[in-house]
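Everything on this sheet refers to the single structure shown next.
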Amino acid sequence: MPPDELRGPGAVAVDDAAVEWLARDRLGFEHLRPGQLRAAAAAAAGRDVLAVLPTGGGKSAIYELAGMIRDGPTLVVSPLIALQDDQVAHLRRAGLTAIVLNSHQSPREHAAALAESCGPDAFVFCAPEQLSNAETRKVLQRARPGLFAVDEAHLISQWGHDFRSDYLRLGAQADALDVPVRVALTATASPPVRQEICRRLELRDPEVVIGDFDRAHISLAARSVRTEDEKLHELALTVARLAGAGIVYAATHASAEAARATLAAAGESVTLYHAGLSSRARREAMSTFLDGSARIVAATVAFGMGIDKADVRWILHVDPPPSLDAYYQEIGRAGRDDEAASAHLLYRPEDFGAAVHFVSRGVSQRAVERVATMLASADHVPLTRATTAALVRLADLGAAVWDAEGTAGWSGTLTVKAAVAASDAETRRENEIERSRLEMMRRYAEHTGCRRSFLLSYFGQSQPGYCGNCDNDTAVGAVTPAVEPFAVGERVVSDHWGEGTVQRYDGDQLTVLFDDHGYRDLLVPLVVERSLLRPA
DNA sequence: CGGGTCACCCTTAAGGGTGACCCGGTGCCTTAAT
């Protein structure tokens, strides 16, 4: 069936076979996975979609297929300019119109690209910041886009709050552009992150597609050391035993450099990558790792997204990331070729204390107060880096409202003082939740049972309890608790913590994710004896 | 939260101890100066 017959605003029913035909004939995908097909068909039929697909590539197939079928241009929000170039190349190879909008273009190039983006079949890639430009938004709105896709959508939660706050405004931007269908795509999102994506993008009754999180061919191990010296010693010993290409992840520039120096002294070919290096040094580090002339790269989180190397054999962390979401994402860069790979974590107990710095979320209270005062006295508040996060916070609290122009006004439902107090409470709530996420990372590190089952249950996937491919499973089997008073996934209420969802059992411990307080561990015997929880 | 740095303290006057202070990760974009 030719694609043209699929078109039209009334295309509510979209035939799976037609989507598969497009995938094979136009894009060269021999087989679509069931999740990809379901997500693409739903978006093509006009439904919002959240797709969390950890394994295999092909998330791009979802917006590519839906975009081809839907009327009007497709807008794809993509975090890094370096990624956009690859995404465009894929579509152009398929003979489709794909363009980018970014600051690397001269004003003339930008204007030309913007004009071209109005074509009904165009795929337009840009970072969220581009949409904050009113002129750009106006042109795109006139082009009547048919699909708004957000790639790497977990960044809404990961970056929006304190780093690139334009990520928090994507829902409002999609409103302003009047795009009928929204698609959020990511490889990694635990249940609370999924919720935040849906809320921030204002997805309406989305089709939610969750893939299989298990990557059974990646072995898991963690080891505690007492000092930094011991850690570096252990690093050299471990790496000497590991074959093939690997990434050493560190939390800071200094820690990455120390890892590089240790491995170099041990005779390894190792390069260094972090955002403190010149762009030339970064390019060289990247290419020596990709072409294999350096076996190892020691890096911070700057090294990651869009790394196209299928045969990374191992990932070794010398510092714990601030959450299991981040950890899972980073170890997922190993074994893309589905051959055996391994993930190793080296940590000192006090590393988790230092990591608190990376999780405290910061909408500055001072900025909130300043912006609230300006709004309340009807002053114009420019949308800058400093004000955006504060405006989003005030809008979240109901103290401010966005208008159609994408600017904010004072709602009058709260006083400035009340809004500032509410914002302060919200910051404390967020920080409590972030700390509990870090606490789950620590629990993973110190876990004595099956690490895979711990990791999988964190992502809401039922666990076998024993994987046989993690360090702990070689010694002991999992102990099933005699009593499980609530099912995993069940909603419960506690007088102390409010409502939450049961996450997992581990021996006689029960982990609940409370909506307002994050992850909490409870002892099953106490829960039973004192009726600490009841069904919600 | 924890580490590194630095001023300042003591004193078998050269070097070690102490406490205050600061810093730590991701990348868009714009604009000004070469």
Side-chain angles (χ1 to χ4, degrees), chain A residues 76-85 100-107 109-110 125-137 150-152 154-170 173 188 225-229 231-232 247-259 272-279 282-283 286 298-307 317-323 325-327 329-330 333 347-362 382-389 431 434-435 438-439 441-442:
Chain A
V76 185
V77 175
S78 172
L80 305 182
I81 292 172
L83 285 182
Q84 294 164 9
D85 294 337
V100 294
L101 296 173
N102 63 48
S103 62
H104 291 187
Q105 298 164 320
S106 68
E109 286 171 329
H110 194 273
F125 294 84
C126 67
E129 289 82 359
Q130 283 287 322
L131 301 177
S132 292
N133 182 310
E135 287 302 308
T136 300
R137 215 166 45 224
V150 180
D151 198 18
E152 309 288 355
H154 60 282
L155 295 175
I156 291 168
S157 164
Q158 190 177 317
W159 279 357
H161 297 268
D162 56 356
F163 180 51
R164 289 173 67 179
S165 50
D166 286 279
Y167 262 101
L168 295 183
R169 299 229 310 129
L170 286 173
Q173 302 289 22
T188 313
V225 294
R226 275 158 307 177
T227 65
E228 279 299 314
D229 284 348
K231 188 189 276 180
L232 293 174
I247 305 172
V248 177
Y249 274 113
T252 62
H253 297 176
S255 175
E257 171 56 26
L272 177 70
Y273 191 102
H274 60 65
L277 302 172
S278 70
S279 56
R282 292 173 69 164
R283 264 199 310 278
M286 173 81 82
T300 62
V301 291
F303 192 79
M305 259 187 303
I307 302 302
H317 282 78
V318 291
D319 297 301
S323 69
D325 300 68
Y327 185 66
Q329 204 164 33
E330 286 160 16
R333 289 171 192 139
Y347 67 98
R348 296 172 312 149
E350 54 269 49
D351 289 340
F352 293 91
V356 167
H357 162 74
F358 294 110
V359 307
S360 59
R361 283 186 170 179
L383 269 180
T384 67
R385 183 201 189 97
T387 61
T388 300
N431 282 338
E434 288 304 310
R435 277 168 193 254
L438 175 60
E439 182 60 17
M441 184 67 224
R442 191 184 62 76

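Residue numbers start from 1 in every chain, and the chains themselves are labelled A, B, ... in the order their sequence lines are given, proteins ahead of strands. Bear in mind that the values here come from a model prediction, so they are computed numbers and not experimental data.
- Comparing atom distances between the A:Ser103 side chain and each of B:dG25, B:dG27, B:dT30 picks out B:dT30 as nearest.
- A straight line from CD of A:Gln173 to C1' of B:dC29 spans 14 Å, rounded to a whole angstrom.
- Under the stacking criterion of a centre-to-centre distance below 5.5 angstrom and an interplanar angle below 30°, A:His253 is not stacked against the six-membered ring of B:dG25.
- For A:Glu350, taking side-chain heavy atoms from C-beta onward, the closest of the listed nucleotides B:dT26, B:dG25, B:dG3 is B:dG3.
- A distance-only check finds no donor-acceptor pair linking the side chain of A:Arg333 to the backbone of A:Ile247 [under 3.5 Å].
- At a threshold of 4.5 Å between non-hydrogen side-chain atoms, the residues A:Gln130 and A:Gln173 do not count as touching.
- When heavy atoms are screened at a 4.0 angstrom cut-off, A:Arg348 is found touching the sugar-phosphate backbone but no base atom.
- Closest approach of A:Ser165 to A:Ala389, counting heavy atoms only: OG-N, 3.8 Å.
- The 5' end of DNA chain B is approached more closely, in terms of each residue's nearest nucleotide, by A:Phe352 than by the other of A:Phe352 and A:Phe358.
- With contacts defined as side-chain heavy-atom distances shorter than 4.5 Å, the pair A:Lys231/A:Asp351 qualifies.
- Using a 4.5 Å heavy-atom cutoff, the side chains of A:Leu80 and A:Glu152 are not in contact.
- Residue contacts for A:Val301: at a heavy-atom cut-off of 4.0 Å it reaches the sugar-phosphate backbone alone, with no base atom in range.
- Whole-Å rounding puts the A:Glu152 CD to B:dC28 C1' distance at 15 Å.
- Note: CZ (A:Phe125) to C1' (B:dC28) measures 18 Å, nearest angstrom.
- B:dC8 and B:dA14 are spaced 15 Å apart, taking the C1' atom of each and rounding to whole Å.
- Helical stems in DNA chain B, defined as runs of 3 or more consecutive Watson-Crick or G-U wobble pairs with donor-acceptor distances under 3.5 Å: B:1-10 with B:15-24.
- Between the P atoms of B:dC22 and B:dT26, the separation comes to 23 Å (whole Å).
- Of the candidates B:dT26, B:dC28, B:dG3, the closest approach to any side-chain atom of A:Ala275 belongs to B:dT26.
- Here A:Leu155 lies out of heavy-atom contact (under 4.0 Å) with every strand.
- Protein atom OH of A:Tyr347 is 20 Å distant from nucleotide atom P of B:dC1, rounded to whole Å.
- Distance, A:His161 NE2 to B:dG25 C1': 16 Å, rounded to whole Å.
- Counting non-hydrogen atoms under 4.0 angstrom, A:Ala354 reaches a base of the nucleic acid.
- Backbone-only engagement by A:Arg282 is indicated by non-hydrogen atom pairs under 4.0 Å involving sugar-phosphate atoms exclusively.
- Side-chain contact check for A:Leu168 versus A:Thr388: every heavy-atom pair is 4.5 Å or farther apart.
- Rounded to whole Å, atom C1' of B:dC28 lies 11 Å from atom CE of A:Met305.
- A:Asn102 comes within 4.0 angstrom of the backbone, heavy atoms only, and of no base.
- Atom-to-atom, CD of A:Gln84 to P of B:dG27 comes out at 13 Å; the value is rounded to the nearest Å.
- Base orientation of B:dA13: syn, the glycosidic angle falling within 90° of 0.
- Nucleotides B:dG17 and B:dT11 are separated by 12 Å at their C1' atoms, to the nearest Å.
- Not a single donor-acceptor pair under 3.5 Å links the side chain of A:Arg348 to the backbone N or O of A:Thr227.
- When heavy atoms are screened at a 4.0 angstrom cut-off, A:Gln130 is found touching the sugar-phosphate backbone but no base atom.
- The aromatic ring of A:Trp159 does not stack onto the base of B:dT26, failing the criterion of a centre distance under 5.5 Å from the six-membered base ring together with planes under 30° apart.
- Of the listed nucleotides (B:dG3, B:dC28, B:dG25), B:dG25 has the atom at the smallest distance from the side chain of A:Thr252.
- A:Gln105 places a side-chain N or O within 3.5 Å of a backbone atom of A:Val100 that can act as its donor or acceptor partner.
- Summarising the geometry, the separation between CG on A:Leu80 and P on B:dC29 is reported as 11 Å, rounded to the nearest angstrom.
- Contacts of A:Ala355 with the nucleic acid, taken as non-hydrogen atoms under 4.0 Å apart, are absent.
- Nucleotides B:dG25 and B:dG4, compared at atom P, are 14 Å apart to the nearest Å.
- Contact detail for A:Pro382 and A:Thr387: the closest heavy-atom pair is O-OG1, 2.6 Å.
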